[in-house]
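Each remark here refers to the structure printed beneath this line.
First the proteins, then the strands, lettered A, B, ... as listed; each starts at 1.
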Amino acid sequence: MNLLSRYMKLLRHYGPQGWWPTPYYRPGVYSRRFSERERFEICVGAILTQNTAWKNVEKAIKCLKAAKLLNARAIAVSPLAKLQSCIRSSGYYKQKAKKLKIFSKWLIEKYGGNFARFCRRSTLVCRQKLLSLWGIGPETADSMLLFAGHKPIFVIDAYTRRFLAEYGVRLGTYDEYQKYFMDKLPKSVSMYKEYHALIVAWGKDHKTRDVSEEASHKGTHGLVRAK
DNA sequence: TACCAGGTCCTCG
DNA sequence: CGAGGACATGGT
């Protein structure tokens with residue numbers, strides 16, 4: 001079974017997910033262009049959801065919205081304490097406040113606060129620039145590029161690794177996992193989005209941990225998956 | 001009560 | 001490099 005047929009299987013089983021999960025989003029509809037406000041919200045969400053349940057991120061985003069902090073300029077000039085208290089529910093709130101500040105200030109200084117303008121250059125160049133920022137690693141960068149920038153880049157996360165491990169595929173670095181998917185799939189932005197969303201749906205459905213994680217969490221006991 | 005959640009950075013060998 | 005620890009809140 002190849003990656004494309006696994007995708008079809010997931011799609012049949014779970015149905016179109018509709019990601020990025022903003023209120024603006026319509027499941028299964030990937031063609032609509034986002035407004036700059038929406039793009040920025042996705043970027044913020046990508047940072048806030050680092051190792052954190054999306055539920056906790058939603059609260060934080062609602063607070064930011066209510067406080068009119070959901071744009072680069074507002075975050076850049078906001079008192080740190082105010083920003084921190086607003087995103088407290090998303091965990092690591094001190095680090096994440098700093099990350100939001102750094103990202104926002106950078107976006108303003110280099111691209112007039114406009115993510116779409118930043119996205120004008122090539123995917124790889126954009127990726128390198130995002131990765132150079134403190135607080136933005138490969139998954140966050142790729143989430144921003146794919147979901148906010150509509151760029152053809154496949155997002156790898158913990159669920160994705162588990163998903164492949166389920167089929168006996170275990171690789172090393174983030175980039176190796178990414179290459180594995182991108183070498184085997186057609187270059188389709190909408191499919192990359194949906195595939196990632198479906199893998200997350202699958203992951204939440206299979207709340208057990210796989211052997212590949214056992215190796216990197218020596219202190220814990222991996223559970224045997226119940227089929 | 002512990003463990004987990006759509007990671008990333010820093011330090012040390 | 002790569003492993004190991006820190007970062008933090010909310011749900012089960």
Side-chain angles (χ1 to χ4, degrees), chain A residues 7 10 14 17-22 25 27 41-64 80-81 83-103 106 127-149 153-166 170-178 181 192-225:
Chain A
Y7 168 72
L10 286 174
Y14 294 104
Q17 296 301 297
W19 267 45
W20 190 265
T22 69
Y25 195 81
E41 177 174 328
I42 290 169
C43 292
V44 168
I47 289 173
L48 293 184
T49 199
Q50 289 172 358
N51 200 37
T52 299
W54 180 252
K55 191 81 181 169
N56 296 344
V57 176
E58 279 184 326
K59 273 188 210 158
I61 288 184
K62 276 180 190 155
C63 181
L64 290 173
L80 190 57
L83 185 58
Q84 287 178 345
S85 75
C86 219
I87 66 171
R88 191 167 34 81
S89 70
S90 71
Y92 311 121
Y93 64 91
K94 290 181 185 170
Q95 286 197 349
K96 285 175 178 174
K98 183 177 169 188
K99 293 174 183 182
L100 291 179
K101 280 269 188 190
I102 288 172
F103 173 70
W106 166 82
R127 190 170 196 269
Q128 282 313 306
K129 288 180 184 293
L130 285 174
L131 288 177
S132 74
L133 297 177
W134 185 89
I136 297 185
E139 185 188 335
T140 307
D142 290 340
S143 293
M144 289 179 178
L145 292 173
L146 177 63
F147 290 102
I153 189 94
F154 201 89
V155 176
I156 304 298
D157 64 1
Y159 289 141
T160 313
R161 293 185 163 93
R162 254 176 255 176
F163 179 67
L164 281 194
E166 186 74 1
R170 293 180 50 180
L171 307 173
T173 66
Y174 181 100
D175 290 351
E176 285 169 359
Y177 276 94
Q178 183 171 64
F181 275 89
Y192 286 178
K193 290 182 182 182
E194 188 62 51
Y195 207 156
H196 179 69
L198 285 166
I199 287 174
V200 172
W202 173 89
K204 288 178 175 171
D205 204 17
H206 293 67
K207 290 256 182 202
T208 50
R209 312 183 48 192
D210 68 85
V211 271
S212 74
E213 291 210 81
E214 214 173 33
S216 54
H217 293 265
K218 292 221 162 70
T220 63
H221 245 33
L223 301 177
V224 177
R225 183 185 313 291

Shorter than 3.5 Å, N or O on both sides, protein versus nucleotides 11-13 of chain B: list them out with atom names.
none

Of the options A:K94, A:K96, A:K98, A:Q95, which is the one that meets A:Q84 in a side chain to side chain contact (heavy atoms under 4.5 Å, CB included)? A:K94

Rounded distance (Å) that lies between atom C1' of B:dC4 and atom CD of A:Q50: 17 Å

So, using side chain to side chain donor-acceptor pair (under 3.5 Å) as the criterion, who are the partners of A:T49 when residues are at least two apart? none

May I have the distance from A:I47 (atom CD1) to B:dG6 (atom P), rounded to whole angstrom? 17 Å

Determine whether more than 12 heavy atoms belonging to other residues, nucleotides or ligands lie under 6.0 Å from atom NZ of A:K129. no

Expressed in whole Å, how much space separates the P atoms belonging to C:dA8 and B:dA2? 22 Å

Starting at the 5' end of DNA chain B, which residue's closest nucleotide do you reach first, A:T49 or A:L131? A:T49

Distance, C1' atom - from B:dT8 to C:dG11, rounded to whole angstrom: 23 Å

Rounded to the nearest 0.5 Å, how far apart are OH of A:Y159 and CD1 of A:I199? 12.0 Å

What is the ring orientation for A:Y195 with A:Y7, classed by angle as parallel under 30°, tilted 30 to 60°, or perpendicular over 60°? tilted

So does A:R161 get a backbone contact from the side chain of A:Y177, meaning a donor-acceptor N/O pair under 3.5 Å? no

Non-neighbouring partners of A:R127 that pass salt bridge (Lys or Arg N to Asp or Glu O under 4.0 Å), sequence neighbours left out: A:D142, A:D175

Give a yes/no on whether any side-chain N or O of A:R162 is located under 4.0 angstrom from OP1 or OP2 of B:dC4. no

Quick one: A:D157 CG to B:dC4 P, roughly how many Å, whole number? 17 Å

For atom OH of A:Y159 and atom C1' of B:dG7, their distance in whole Å: 13 Å

Cut-off 3.5 Å, side chains only: do A:K99 and A:T140 have a donor facing an acceptor? no

Protein proximity profile, nucleotides 5-12 of chain C - base contact B, sugar-phosphate-only contact S, no contact -, cut-off 4.0 Å on heavy atoms: --BBBSS-

Give me the distance, rounded to whole Å, that separates C:dA6 from B:dG6 when you measure between the P atoms they each carry. 23 Å

Using whole Å, report how far CG of A:L198 lies from P of B:dG6. 15 Å

In whole Å, I'd like the distance from the CD atom of A:Q178 to the P atom of B:dG6. 20 Å

Run the ring pair (Phe, Tyr, Trp, His ring centres under 6.0 Å) test against A:Y92 and tell me which residues pass, sequence neighbours left out. none

For the pair made of CH2 in A:W20 and P in B:dG6, what is the distance, rounded to whole Å? 11 Å

Examine distances only and state if a side-chain atom of A:E194 and a backbone atom of A:Q17 form a donor-acceptor pair shorter than 3.5 Å. yes

Tell me whether A:S90 contacts the main-chain N or O of A:N56 through its side chain, where contact means a donor paired with an acceptor under 3.5 Å. no

Less than 4.5 Å apart, any side-chain heavy atom of A:I156 and any of A:E139? no

In numerical order, the residues of residues 133-144 of chain A whose heavy atoms come under 4.0 Å of DNA chain C are none

Euclidean distance, atom CD of residue A:E58 to atom P of B:dG6 [Å, nearest integer]: 12 Å

